[in-house]
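I have placed the structure first, in the form of structure tokens, so that the comments after it can refer back to it.
Protein chains get the first letters and strands the later ones, always in sequence-line order, with residue 1 at the start of each.
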Amino acid sequence: MSETPATTPKNFIFEAVEEDLRTGRFSYVRTRFPPEPNGYLHIGHAKAICIDFGVAEAFGGECNLRFDDTNPVKEDVEYVEAIKEDIRWLGFDWGDREYYASDYFEQLYEFALLLIQKGKAYVDDLSPEQIREYRGTLTEPGKESPYRNRSVEENLDLFRRMRNGEFPEGSRVLRAKIDMTSGNLNMRDPVMYRIIHRPHHRTGDRWHIYPMYDFAHGQCDSIEGVTHSLCDLAYEDHRPLYDWFLDELGIFHSRQIEFARLNLSYTILSKRYLKELVENGYVSGWDDPRMPTLRGLRRRGYTPEAIRNFIEQVGVAKNENLIDIALLEHAVRDDLNLRALRVMGVLDPVRVVILNYPEGQVEELEAINNPEDPAAGTRKVPFSREIYIERDDFREVPPPKYFRLAPGREVRLRYGYIIKCVNVVKNDQTGEIEEIHCTYDPQTRGGYAPDGRKVQGTIHWVSIPHALDAEVRMYDRLFTVPNPSKVEDGKTFLDYLNPNSLRILSGCKVEPSLTKARPGDHYQFERKGFFCVDPDSSADHLVFNLTVPLRDTWAKIEVKQKGD
RNA sequence: UGGGGCGUGGUGCAAUGGCAGCACACCAGACUUUGGAUCUGUGGAUCUUGGUUCGAGUCCGAGCGCCCCAGCCA
């Protein structure tokens, strides 16, 4: 294997894998990404995906996709396709290695039989409540079940009949016979199989018993020849059990390594909570652009590259973490800055009339599509006597350091002319500014001042007769606190929902080149932010989602001024 | 009074006994036809405490703090 230290991320997992190869514990590398098909993938999963596929790739190995479908009560095919789609979108390929834990049900059953024969597993008739009581507590040892010492023959017979569906749900389970006094609760005779009379999305009604995670995962890894089974810290306590099953069965022994899951500030990454948001209508669905799901991020305008870069920057360790969402936002700005075409869009329009500009005249001005990418070329933008500008780009009483338009002041219209405000027309009743009257300097076409005079401010604009109407959905973080999963007593994460996480702007005006915008296209509205065309968008009703705003230095200055 | 894990600037990750570094954030400045981008710079960290060592974030002892585990969920 060739060394690529510059591109190979260095973390404790890579080091462990490297060591395993060096010491000969394994001669190849194979990992797996094991989603349960009971929900949609979120950015936390993206971390796991990047690690699972990344480790395999770095060592010339492969990563299997294996659906962990051992519980027909919770799982559904609906999620399988969505999960595959999201992984592909993120940019990973599992080739033809698409597996299901349910593919191995027969083999797992044989494994169970083997353990029963070895006297290492037994059928228990205790009720779920009794099992809990017998388990003991964190500080007190458990008690052995009265059914623990059944004969091998009786266990075999009972277990076969469990499989045949002869017993009601909850009446019996198969348990491993380990140690009811272990300090690790997972070792106190864990349940291996439970009875569930429910059709499975892949095996139909063939089974009446289903293996628990602990009895399935390690053996599936083993069957697939997975060398490194990378998972969440939560499974650290399960590793002794993972190892125990593999050792007792005497089969290929994968190595489980745990790392800390991703936590993101101002959001939640718990499947249960996300589901609650969707089901109770706090968001419009799993793909709501405010959701940290991959579908949500995609619709919001995040790119796979941005997400992968973000994950790489976050690193891999075992520390509990809360990643600043600003890092994610930085990653997407960084990526979009290089590729998004620039356009002009006025979100909160106010009319400007250029008094000395000939009525009916239209000029096609040249605008650069992307200053970061000369290959993106230029386009023509129509200019006329009446234009829209951003309401906030005009102040009757300009505060200090305000560079934009104000009575008697000049400002440059991007790629247009330098204009000067000469008058303001206000609504008699409301006092709201309805129209701003300006004059333009014909010598400044394109925005250049031949006399070399400095014009500090440059603002965006859209020609009124040529403007396209658009709806713009402005998104903000979903929660008002950095860590919504850690709440005050008596409150829930729902109490911290940001009421302003979505603001719909309906009267927006955008330049005519946007007629060719298609759902999924990324744009930068100059001076405002990166936007993405929503799937709801159509030719006669453009809809844009704010992906992330541009850094806004003026907003900072203004906040500071107000604080003084 | 059980078992497992983790403690490095505001956040995250490095430093594998030898000058505590990188990214994001923050602050200041330069540049600017996006108050964007870019560039430069400042400030700021090894949980505590003893020890080993020429030298400790790293090794050893003691303590403290935080997280996870009592599903027939994964």
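Annotation for A:Ile311 and A:Ile43: closest pair CD1-O, 4.1 Å, computed over non-hydrogen atoms. Across A:Cys438 and A:Val352, no two heavy atoms sit closer than the pair SG-CG1, 3.8 Å.
No contact: A:Leu328 has no heavy atom under 4.0 Å from any strand. As judged by a 4.0 angstrom heavy-atom cut-off over every strand, A:Thr553 is placed among residues touching the sugar-phosphate backbone only. Contacts of A:Tyr210 with the nucleic acid, taken as non-hydrogen atoms under 4.0 Å apart, are absent. Backbone-only engagement by A:Val316 is indicated by non-hydrogen atom pairs under 4.0 Å involving sugar-phosphate atoms exclusively. A:Ile459 comes within 4.0 angstrom of no nucleic acid atom, judged by non-hydrogen atoms across all strands.
For A:Glu372 against B:G36, a side-chain-to-base donor-acceptor contact under 3.5 Å is present. Between the side chain of A:Glu140 and the base of B:U1, no donor-acceptor pair under 3.5 Å is found.
In this structure, A:Tyr213 does not count as stacked on the base of B:A74 under the 5.5 Å centre distance and 30° plane angle limits.
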Nucleotide N/O to protein N/O under 3.5 Å, stretch nucleotides 69-71 of chain B:
from: B:A70; atom 1: O2'; to: A:Arg135; atom 2: NE; distance (Å): 3.2
from: B:G71; atom 1: OP2; to: A:Arg135; atom 2: NH2; distance (Å): 3.3

When you compare the protein's N or O atoms with those of nucleotides 28-30 of chain B, which come within less than 3.5 Å of each other, and at what distance?
from: B:A28; atom 1: OP1; to: A:Lys560; atom 2: NZ; distance (Å): 3.0

| What pattern of brackets, bars and dots sums up RNA chain B from 5' to 3', given Watson-Crick or G-U wobble pairs under 3.5 Å, [ ] for crossing pairs and | for another strand? | .((((((..((((....[..))))..((((.......)))).....(((((..]....))))))))))).....

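Using modelled atom types and a 3.5 Å distance limit, the side chains of A:Arg32 and A:Ser229 yield a donor-acceptor pair.
Going from atom CD1 of A:Ile51 over to atom C1' of B:G12 covers 14 Å, rounded to whole Å. Rounded to whole Å, atom C1' of B:C72 lies 13 Å from atom CG of A:Asp125. Rounded to an integer number of Å, the gap from CZ of A:Phe394 to P of B:G35 is 18 Å. The CZ atom of A:Phe310 sits 16 Å away from the P atom of B:U11 (whole-angstrom rounding). As a whole-Å value, the separation of A:Ile311 CD1 from B:C13 P is 13 Å. Following rounding to the nearest Å, A:Ile368 (CD1) and B:G36 (P) show an atom-to-atom distance of 17 Å.
An anti base is found at B:G9: its glycosidic angle is more than 90° from 0.
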